[in-house]
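The structure appears right after this line, and notes come after that.
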Amino acid sequence: MTVQETILSVRNLNKVYETPAAWGRAGTRTHVVHDVSFDIQRGEILGLMGESGSGKTTIGRLILQLLHATSGQVALEGCDLCGMTTQALRPLRARMQMIFQDPLFAFNPRHTVHQILGTPLRLHPELVERHGPVDEQIRHVLSQVGLPADVVHRYPKAFSGGQRQRIGIARALIMRPSLIVADEATSALDVCVQAQILNLLLDLRDELDLTILFIAHDLTAMGLVCDRVAVMLRGRIVEIAPTSELFSRPRHPYTASLLQAIPRIGTKAMPGVAPCMPGKGTQVQDGDGGCPFRMSCRWAVAQCAHNGTALRLLEKDHWSACVREDLDLPGL
Ligand SMILES: Nc1ncnc2c1ncn2[C@@H]1O[C@H](COP(=O)(O)OP(=O)(O)OP(=O)(O)O)[C@@H](O)[C@H]1O
């Protein structure tokens, strides 16, 4: 039996946004996070889903200490972060990284990839002492996210959305974090690039035992990558369960209504999609000629979410090559 290690522990977290009175208008208090508690174990991907405005991003920012909690506790590897001074927090900040929806806004457009990845390391010399010279670490992290070493001289604008997200992930990984908060990390990407990035996160999780809080609207992405999912409604967690259990037997009516809203494209297998196999999940293959591969991906993702099974799209240079290589199911 593997021993579980709690990386993040959130207890009775509350956030009230206060707008001060101004221009003759009374101030307002908006209670957006209500008594939220959950844990994340090492190597686990916990999904946080819920409608827009339910408080997901606020929770992410409270965990990362980018916002002050009104009350409650956030403990990272046993250290209570909420009561800490800015100075005491500083070394711990490196242990918690964020992946943004579009990292373009998080990067300095005048910085090359080398500067984007190297600057945080220079701010944390202990990471250089522990893990080797900056250039070596940059090369290593780029290979981890599937980018060639020669991208270091390019600027963020010179990359596609998917490549930029890989740099965003590299930027998080280079700090050797205990926890990554991925806030809508794939929602700006088209469905195939989205699947590549989701697979990259899964592979990195397996390789590095990463712990991820995965915030998203997208239930299909949730079904794909998360071990457990927490469902938020108006600032409260109304249900938290292992992904397959939550998708197959939702207990809260709100979860059930969200799941019913997933678009489904028929129930018959489409060309290029293998039905769910016990222990294998659904796999996708490239079809011949004009196979609607994107449709196949969409279908498979929706189907997996519906069935609560895992989908792994292996990512190599080309979809077709990757899928053919991976495909070992009989009768396709
Ligand atoms: N700085 C702020 N001041 C006042 N209210 C805020 C502030 N930031 C967020 N809110 C409110 O808090 C609520 C939760 O916002 P939050 O961004 O956490 O939701 P969300 O679930 O992440 O939404 P989305 O999925 O659209 O990103 C919303 O009603 C929002 O208007």
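Because the structure is a prediction, the values reported are computed rather than measured. Whatever order the structure lists ligands and atoms in, that order sets their numbers, starting from 1.
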Intermediate values then yes/no, side-chain contact (heavy atoms from CB on, under 4.5 Å), Val16 and Val32: CA-CA 6 Å; Val16 179; Val32 296; over 6 Å; no
Does His217 reach ligand 1 with a nitrogen or oxygen that is under 3.5 Å from one of the ligand's nitrogen or oxygen atoms? yes
Per-residue contact class, Glu51 against ligand 1 - non-hydrogen pairs under 4.0 Å: backbone
When rounded to the nearest 0.5 angstrom, what is the spacing between CZ in Arg249 and OG in Ser244? 7.5 Å
Under 3.5 Å, is there a donor on one side chain and an acceptor on the other for Thr58 and Tyr17? yes
Could you tell me whether the side chains of Arg42 and Thr211 share a donor-acceptor contact shorter than 3.5 Å? no
Could you measure the distance from the NZ atom of Lys56 to the CG atom of Leu213? Nearest 0.5 Å is fine. 11.5 Å
Would a 4.0 Å cut-off, counted as strictly less than, catch a protein heavy atom around atom 9 (C) of ligand 1? yes
Give the residue and atom name of whichever protein heavy atom lies nearest to atom 16 (P) of ligand 1, and the separation in Å to one decimal. Thr58 OG1, 3.7 Å
Determine if the distance from atom 31 (O) of ligand 1 to the closest protein heavy atom is below 4.0 Å. no
Using heavy-atom distances only, which candidate in Thr57, Ile59, Thr28, Leu48 approaches atom 27 (O) of ligand 1 most closely? Thr57
Does the side chain of His31 come under 3.5 Å of the side chain of Asn14 through a donor N or O and an acceptor N or O? yes
Any side-chain donor near an acceptor of the partner, Gln115 and Arg110, under 3.5 Å: no
Identify the closest protein heavy atom to atom 5 (N) of ligand 1: which residue and atom is it, and at what distance? Tyr17 CD1, 3.4 Å
Could you go through Leu81 and Met96, starting from their C-alpha distance and side-chain angles, then the distance that decides it, and tell me whether this counts as side-chain contact (heavy atoms from CB on, under 4.5 Å)? CA-CA 11 Å; Leu81 306 179; Met96 306 180 285; 3.6 Å; yes
What protein heavy atom sits nearest atom 14 (C) of ligand 1, and how far off is it? Gly53 O, 3.4 Å
Non-hydrogen atoms of Gly55 versus ligand 1: any pair closer than 4.0 Å? yes
Look at atom 26 (O) of ligand 1 and say which protein heavy atom is nearest, naming residue and atom and giving the distance to 0.1 Å. Ser52 OG, 2.5 Å
Tell me, which protein residue and heavy-atom name are nearest atom 13 (C) of ligand 1, and how many Å apart are they? Val32 CG1, 3.5 Å
